[in-house]
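One structure is given below, encoded as structure tokens.
Here is the naming used below: chain letters follow the sequence lines, and residue numbers restart at 1 for every chain. Values in this document were obtained by computation on a predicted structure and should not be read as measured data.
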2 protein chains.
Amino acid sequence: MDHGDADPFQWDTREDCQVRQILDRIADKWSLLVIALLENRRLRFTELRREIDGVSQRMLTVTLRSLERDGLVNRTVHPVVPPRVEYELTSLGRTLHATIQSLVTWTEAHQEEIAQARTAYDTRAAEAAEATTP
Amino acid sequence: MDHGDADPFQWDTREDCQVRQILDRIADKWSLLVIALLENRRLRFTELRREIDGVSQRMLTVTLRSLERDGLVNRTVHPVVPPRVEYELTSLGRTLHATIQSLVTWTEAHQEEIAQARTAYDTRAAEAAEATTP
DNA sequence: CTGTATCCATTAGGATACTG
DNA sequence: CAGTATCCTAATGGATACAG
């Protein structure tokens, strides 16, 4: 029963499918990092920016707005001067955190294997190129 | 103990960090779909292309090459004419499958909540805009 | 401090045509 | 069938300047 013809687990791969749209938004470069960093902490804009190496002010703002719109992150503005804005995961965001953490953990656990696979692949490719150009 | 100051779980967020590079490659638009589709099935190029709505020939090729290079997918060429090329997950790829599936499952389970959060956010934004433009 | 707005470079990625 | 190569557009995202 390794692959019946009806495929019980198959999911919708159409482009307009909700799940794919949400996946695209969540699985992007910065969102993963933001969610991973906000586990049971509440961080200010500048703190997030300092923690995430390489993020521009613009992209951090854009990312946080998306996450807020999707109900994954809470934004709290303290009416003081200078402004103080804090971000934290919503309860929905916290349910996602576990999944993302498992992705991060997997990557950490297998980075060596992947690095080796890449080297092997590149070596094979180089040899093949050499065989073609004698 | 909701947030100690040393943060035991904190991970490396530097741009040149291996984990971040691998995450970026795995968590992209097409890779997730390909891995999800290849669970204990072996599919031909055209079959994958047909299953994944909206993918171009070029992007499917590029994606499959990356996954192959990273050791997540096996490519088997049958020397027949017309050519027959089949793709399947490697054992490494299968270990990743569970994690990705959990991401997909999470998204499916919470898509309604997210849709509602978006509507609420957009409504609030519209009201705010109206208040500014009287 | 926490943004928004603008401009611009880079990259991703689609369309098309051609090949083994 | 399963690609590769080329061209070209659209989107991503950085840098900078400015505002509340």
Side-chain donor-acceptor contact under 3.5 Å, A:D28 with A:S31: yes
Side chains of B:Y87 and B:V34: does their closest heavy-atom pair fall under 4.5 Å? no
Closer than 4.0 Å, any side-chain N/O of B:Y87 to the OP1 or OP2 of D:dG3? yes
Can you pull every protein N or O that's under 3.5 Å from an N or O on nucleotides 18-20 of chain D?
none

Across the strands shown, which category fits A:R75 at heavy-atom distances under 4.0 angstrom: base, sugar-phosphate, nothing? sugar-phosphate
Rounded distance in Å - CG (B:L48) to P (D:dC1): 14 Å
Can you find a pair of side-chain heavy atoms, one from B:E15 and one from B:R20, that are under 4.5 Å apart? yes
Return the value, rounded to whole Å, for the distance between atom CD of A:E86 and atom C1' of C:dG3. 16 Å
Any side-chain heavy-atom pair from B:D24 and A:L32 closer than 4.5 angstrom? no
Side chain proximity check, B:L89 to B:N74, heavy atoms < 4.5 angstrom: no
Need one value for A:R65: base, sugar-phosphate or nothing, where a base atom within 4.0 Å counts as base even if backbone is also close, heavy atoms only. sugar-phosphate
Separation of atom CG in B:L64 from atom P in D:dT4, rounded to whole Å: 10 Å
B:Q101 side chain to B:A98 backbone, donor-acceptor under 3.5 Å: no
Whole angstrom is fine here: how far is it from CG in B:D24 over to P in C:dT11? 14 Å
Could you check B:R25 against B:S66 for side-chain hydrogen bond (donor to acceptor under 3.5 Å, both in side chains), going step by step and ending with a plain yes or no? CA-CA 8 Å; B:R25 292 242 25 58; B:S66 302; 2.9 Å; yes
As an exercise, state the distance from OG1 of B:T13 to CZ of A:R50, rounded to the nearest 0.5 Å. 11.5 Å
Nucleotide N/O of nucleotides 9-14 of chain D paired with protein N/O under 3.5 Å:
from   : atom 1 : to    : atom 2 : distance (Å)
D:dG13 : N7     : A:R58 : NH2    : 2.6
D:dG14 : OP2    : A:S56 : OG     : 2.9
D:dG14 : O6     : A:R58 : NE     : 3.1

